[in-house]
Colleague: 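There's a structure below that I have some questions on.
The figures here come from the full heavy-atom set of this structure, side chains too, leaving out hydrogens, waters and symmetry mates. Everything numeric here is computed off the predicted structure, so don't read it as measured data. So you know, we letter chains A, B, ... as the sequences are listed, proteins then strands, and number each from 1.
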2 protein chains.
Amino acid sequence: MVDERTKDWSGCPVRFGMSQFGDKWSFLIIRDLMFKGRRYNHEFMEAGEGISTNILARRLVDLERNGIIQKKTDLVKKSKFVYSLTEKGIELMPMMLAMMDWAEKYDPNTEVPESFIKRLRKDPEALRLDLLKDLQE
Amino acid sequence: MVDERTKDWSGCPVRFGMSQFGDKWSFLIIRDLMFKGRRYNHEFMEAGEGISTNILARRLVDLERNGIIQKKTDLVKKSKFVYSLTEKGIELMPMMLAMMDWAEKYDPNTEVPESFIKRLRKDPEALRLDLLKDLQE
DNA sequence: AATATACACTTGCTTTTAGCAAGTAAAATT
DNA sequence: AATTTTACTTGCTAAAAGCAAGTGTATATT
């Protein structure tokens with residue numbers, strides 16, 4: 001978060017979470033990294049929700065400073081930067097999956113594939129470990 | 001959320017969640033209702049984070065409109081209003097618990113009691129059902 | 001080698017939202 | 001009847017978001 005007021009909100013776990021990733025754009029960036037395989041600046045831009053370039057830049061800096069994502073120079077194209085989730089960021093997956101489970105119930109227009117939600121509800125841990133593979137390379 | 005731009009963000013589950021409860025004050029109100037037993041306007045005010053009266057009023061209206069909380073006149077004092085989580089709101093508990101689990105790991109100043117986190121990690125479903133009792137009366 | 005293009009921001013400006021203090025109205029207490 | 005409590009509402013200021021255009025560096029094209 002950019003909000004100076006809440007930067008040091010530790011103590012309460014919910015408040016701490018909010019101070020670390022508690023705004024809609026941060027959640028969407030985490031989603032992109034965690035489930036959509038997006039890793040580059042322009043990929044976040046093209047995600048569809050229409051984030052502004054300056055806001056994206058700020059969120060990426062914040063999330064990196066909070067240790068949730070990391071920025072590295074791309075191994076192939078050395079001029080590009082690759083973003084990825086840190087261990088700390090990856091560990092947000094259970095929370096994200098719980099949110100998706102909830103949203104599937106209450107959003108009549110949900111895009112969550114039925115196969116995904118079935119796997120999530122049958123064996124969330126197996127799904128989590130499976131998704132994890134794509135994040136660690 | 002108050003943001004007119006994201007009011008109808010359905011489809012993507014994360015985006016949908018953000019449009020329904022995706023700001024720090026909403027999360028804190030849900031926390032208060034879910035884990036702290038707070039149910040009255042003034043109790044949210046006194047929660048400690050220092051929410052402004054106008055912002056609280058707006059968030060309560062938004063959360064009610066989104067069907068996450070409900071406002072009723074207090075049975076004892078008929079002039080007062082009691083807020084409570086709806087079924088839809090209660091079902092956010094797994095997400096909230098996952099967030100708490102995460103925060104306990106990464107916040108060095110966490111206030112999450114060790115007994116709570118032990119129960120959460122050992123048998124989250126049992127803890128959830130236990131917490132549920134306090135919400136349904 | 002020079003020009004063009006892509007990429008990742010940065011800057012300046014406008015609009016929106018948050019935050020703060022004071023005010024209001026209805027009900028409850030004294 | 002007067003005061004206090006409760007739950008907002010209003011008006012103003014400050015902060016953040018949003019938008020369009022610009023900048024600098026590296027790669028690609030001619």
Colleague: How about B:Y83 and B:Y40: are their ring centres within less than 6.0 Å of each other?
Modeller: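 No, they do not, as the ring centres are separated by 6.0 Å or more.
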Colleague: Please report the distance, rounded to the nearest Å, between CG in A:N41 and P in C:dC9.
Modeller: 5 Å
Colleague: At under 4.0 Å, does any side-chain N or O of A:K24 touch on OP1 or OP2 of C:dT17?
Modeller: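 For C:dT17, neither OP1 nor OP2 has a side-chain N or O of A:K24 closer than 4.0 Å.
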Colleague: Measuring centre to centre across the rings, with the benzene-like ring taken for any Trp, is B:F44 within less than 6.0 Å of B:W25?
Modeller: no
Colleague: Atom CG of A:D62 to atom P of C:dC9: distance rounded to whole Å?
Modeller: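 Going from CG in A:D62 over to P in C:dC9 covers 13 Å.
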Colleague: Distance check needed: C:dT17 P versus A:W25 CH2, whole Å only.
Modeller: 13 Å
Colleague: Kindly point out which of C:dC9, D:dA7, D:dC8 is positioned nearest to the side chain of B:H42?
Modeller: D:dA7
Colleague: What integer distance in Å separates B:K80:NZ from D:dC8:P?
Modeller: 12 Å
Colleague: Taking the side chain of B:T53 as its heavy atoms from C-beta onward, which of C:dA8, C:dA22, C:dT10 lies nearest to it?
Modeller: C:dA22
Colleague: For the side chain of A:S52, starting at C-beta, report the closest nucleotide among C:dC9, D:dC19, C:dA18.
Modeller: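 From the listed options, D:dC19 comes nearest.
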Colleague: If you check every side-chain atom of B:R58, which of C:dT17, D:dA17, D:dA7 has the closest atom?
Modeller: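 Nearest to the side chain of B:R58 among the choices is C:dT17.
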Colleague: For A:D23 and C:dT17, give me the distance from atom CG to atom P, rounded to whole Å.
Modeller: 15 Å
Colleague: Identify whether any heavy atom of A:F44 sits under 4.0 Å from a base atom; if not, whether one sits that close to sugar-phosphate; answer base, sugar-phosphate or nothing.
Modeller: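 Nothing: the residue A:F44, judged by heavy atoms under 4.0 Å, touches no strand.
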Colleague: Could you state the CD-P distance from A:E49 to D:dC19, rounded to the nearest angstrom?
Modeller: 13 Å
Colleague: Given D:dT10, D:dG18, C:dA18, which nucleotide is nearest the side-chain atoms of B:N54?
Modeller: D:dT10
Colleague: With respect to the side chain of B:K71, which nucleotide from C:dC9, C:dG19, D:dC8 is positioned closest?
Modeller: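 When the side chain of B:K71 is considered, D:dC8 is the closest of C:dC9, C:dG19, D:dC8.
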Colleague: Could you tell me whether the side chain of B:T110 and the main chain of B:V112 form a donor-acceptor pair under 3.5 Å?
Modeller: yes
Colleague: Are the side chain of A:S52 and the backbone of A:I55 linked by a donor-acceptor contact shorter than 3.5 Å?
Modeller: no
Colleague: Side chain of A:Y40 only, please: which of C:dA18, D:dA17, C:dA8 is the nearest?
Modeller: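 Within the option list, the nearest is C:dA8.
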Colleague: Tell me: CG of B:L56 to P of D:dA7, nearest whole Å?
Modeller: 10 Å
Colleague: Here's one to test your reading of the geometry: is the NZ or CZ of A:K72 within 45 degrees of the ring axis of A:F81 and under 6.0 Å from its centre?
Modeller: no
